[in-house]
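The structure appears right after this line, and notes come after that.
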Amino acid sequence: MKKIILIAPLLVSSIYYAQIGINTSNPQTAFHIDGAKDNATSGAPTATQQANDIAVTSTGNLGIATISPTEKLDIASGNARIRGINANIGVGGTDRVVVADATGVLKTINFNAYGLFHARLTGSQSLAANTLTTLLFSTPLSTSPYYNYNTTTGTLTFNQPGNYIVTLQASFSDCAAGTQLVLGIRPIPDAAYLGRGSHYTGAATAGTIGELMNYTTLIVVPAAGYQVRLTAASNAASTVLATETGATGSGNVTNVTIQKI
């Protein structure tokens with residue numbers, strides 16, 4: 001009896017992973033498009049050659065005009081445009097504002113609070129006649145990276161240049177009728193006022209109820225690190241009250257509010 005032996009060939013299937021290039025035989029990432037077909041056949045393309053490239057890395061980052069994207073979407077140069085954006089209106093008070101940091105990375109901020117600084121006077125301060133006094137405020141109740149405030153020296157440092165609205169409010173007590181009251185903003189080192197407001201008391205004041213004064217102005221901060229101090233003065237001895245107390249209760253009365261615009 002004859003035996004027939006069948007030998008089946010061994011089938012080996014191999015899967016090869018490779019980088020894919022369009023318009024280039026020299027792809028640098030998992031998926032690489034050379035828009036102008038101007039890249040060299042070896043080596044990495046120059047910055048000029050990359051300007052028309054699109055690249056997707058093995059980590060899923062998408063680069064436009066760069067083959068080395070460091071974010072999920074990284075545009076090396078050029079502008080981004082969303083044509084239908086006006087049809088999707090944001091909600092004030094809940095939506096956040098998108099900004100770019102110094103390296104171009106997009107981030108969101110709460111714009112309503114981001115540029116605001118607000119602080120209250122630490123305690124009542126005595127003013128000698130015709131003497132400029134720096135008002136000392138407590139740790140700010142609201143602030144942002146735009147500001148640093150030294151509660152010991154009263155020095156306010158601006159960390160970004162720009163335009164700032166400053167509102168000073170103070171209550172002056174223990175002064176006679178007709179006393180001149182002055183609130184101001186002065187640079188460090190000291191020079192002429194950046195902003196100054198004055199007022200004359202209509203009647204004598206004493207104790208825990210004073211003559212209220214408000215002053216609002218705009219100051220232009222020329223550079224990061226610019227410093228000012230907030231001051232008060234009067235032409236006769238007086239007191240700047242931190243808190244007023246009356247028949248209806250007590251509350252802060254001298255404070256400062258600053259808003260970057």
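In what follows, residues are counted from 1 in the order of the sequence shown.
If you take CG on Leu127 and OG1 on Thr133, they are separated by 4.5 Å, rounding to the nearest 0.5 Å. With values rounded to the nearest 0.5 angstrom, Thr167 atom OG1 is found 10.0 Å from Tyr215 atom OH. Taking OH from Tyr193 and OG1 from Thr231, the interatomic distance works out to 4.5 Å, rounded to the nearest 0.5 Å. If you take CG on Leu141 and CZ on Arg120, they are separated by 5.0 Å, rounding to the nearest 0.5 Å. Note that the CD1 atom of Ile185 and the CD1 atom of Ile258 stand 7.0 Å from one another [nearest 0.5 Å]. Note that OG1 of Thr108 and CZ of Arg96 are 4.5 Å apart. Values are rounded to the nearest 0.5 Å.
Connection of Val166 to Val221 is established within a shared hydrophobic cluster, with ILVMFWY side chains joined at heavy-atom distances below 4.5 Å, either directly or through further cluster members. Residues Leu132 and Phe137 do not share a hydrophobic cluster, defined by chaining ILVMFWY side chains whose heavy atoms lie under 4.5 Å apart. In this structure, Leu136 is not a member of the same hydrophobic cluster as Val240, with clusters built from ILVMFWY side-chain heavy atoms closer than 4.5 Å. Placement of Ile75 and Ile54 within a single hydrophobic cluster is found when ILVMFWY residues are connected by side-chain heavy-atom separations under 4.5 Å, directly or transitively. Linking ILVMFWY residues whenever their side-chain heavy atoms come closer than 4.5 Å, directly or via other members, places Leu156 and Leu194 in the same cluster.
A donor-acceptor pair shorter than 3.5 Å can be found between the side chains of Thr57 and Thr59. Thr134 and Arg229 share a donor-acceptor pair across their side chains, judged by distance under 3.5 Å alone. No hydrogens or angles considered: a donor-acceptor pair under 3.5 Å links the side chains of Asp53 and Asn39. A donor-acceptor pair shorter than 3.5 Å cannot be found between the side chains of Thr24 and Asn26. Side-chain contact annotation: Thr122 with Ser138, donor-acceptor N/O pair under 3.5 Å present. In summary, the side chains of Thr155 and Thr153 do present a donor paired with an acceptor at a separation below 3.5 Å, with no hydrogens or angles considered. Thr245 and Ser250 share a side-chain donor-acceptor pair at under 3.5 Å. For the 3.5 Å distance criterion, the side chains of Asn255 and His118 fail to qualify, holding no donor opposite an acceptor. Using modelled atom types, one finds a donor on one side chain and an acceptor on the other under 3.5 Å when comparing Gln227 with Thr157.
Distance alone, capped at 3.5 Å, places no donor-acceptor pair between the Asn148 side chain and the Asn150 backbone. The closest donor-acceptor contact from the side chain of Gln50 to the backbone of Pro45 lies under 3.5 Å. With Thr131 contributing its side chain and Ala129 its backbone, the two residues share a donor-acceptor pair below 3.5 Å. Side-chain N or O atoms of Asp34 include one that pairs as donor or acceptor with a backbone N or O of Asp38 at under 3.5 Å. Asn61 contributes no side-chain N or O that, together with a main-chain N or O of Asp74, makes up a donor-acceptor pair within less than 3.5 Å.
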Worked check of side chain to side chain contact (heavy atoms under 4.5 Å, CB included) between Val182 and Arg196: CA-CA 7 Å; Val182 179; Arg196 181 183 187 276; 3.7 Å; yes
Side chain to side chain contact (heavy atoms under 4.5 Å, CB included) for Thr239 and Gln125? Distances and angles first, verdict last. CA-CA 6 Å; Thr239 301; Gln125 291 184 232; over 6 Å; no
Applying side chain to side chain contact (heavy atoms under 4.5 Å, CB included), run through Gln169 and Leu212 and close with a yes or a no. CA-CA 7 Å; Gln169 174 177 290; Leu212 186 65; 3.6 Å; yes
Under 3.5 Å, side-chain donor or acceptor atoms of residues 197-204 against the rest of the protein: list the pairs with distances, not counting sequence neighbours.
| residue | atom | partner | partner atom | Å |
| --- | --- | --- | --- | --- |
| His199 | NE2 | Glu211 | OE2 | 2.9 |
| Thr201 | OG1 | Ala176 | O | 2.8 |
| Thr201 | OG1 | Gly178 | N | 2.9 |
| Thr201 | OG1 | Thr179 | N | 3.0 |

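Side-chain contact between Thr205 and Phe172 is absent, with no heavy atoms from C-beta onward closer than 4.5 Å. Within the 4.5 Å cutoff, side-chain heavy atoms of Lys260 are placed close to those of Tyr147. Using a 4.5 Å heavy-atom cutoff, the side chains of Met213 and Leu183 are in contact. Here the side chains of Val253 and Thr243 are not in contact, with every heavy-atom distance at 4.5 Å or above. Contact annotation: the side chain of His32 never approaches that of Ile22 to less than 4.5 Å [non-hydrogen atoms, C-beta and beyond]. With contacts defined as side-chain heavy-atom distances shorter than 4.5 Å, the pair Thr257/Leu116 qualifies.
The salt bridge (charged side-chain N to carboxylate O under 4.0 Å, His left out) test applied to Arg186 returns Asp190, not counting sequence neighbours.
Closest approach of Asn52 to Ala36, counting heavy atoms only: OD1-N, 3.1 Å. Minimum interatomic distance between Ala55 and Pro69 (heavy atoms only, all atoms of both residues): O-CG, 4.4 Å. Ser173 and Ala206 get closest at one heavy-atom pair: OG-C, 3.3 Å. Shown here for Ala192 and Pro187, the closest heavy-atom pair between the two residues is O-CD, 3.3 Å. Here the closest non-hydrogen pair linking Glu244 and Ser171 is OE2-OG, 2.6 Å. The minimum heavy-atom distance between Lys37 and Asn23, with the atom names listed, is CG-O, 3.3 Å.
A centroid separation of 6.0 Å or more is found between the aromatic rings of Tyr226 and Tyr164. Ring centers of Phe117 and Tyr146: at least 6.0 Å apart, outside the cut-off.
In the displayed structure, Ile261 atom CD1 is contacted under 6.0 Å by more than 12 heavy atoms of other residues, nucleotides or ligands.
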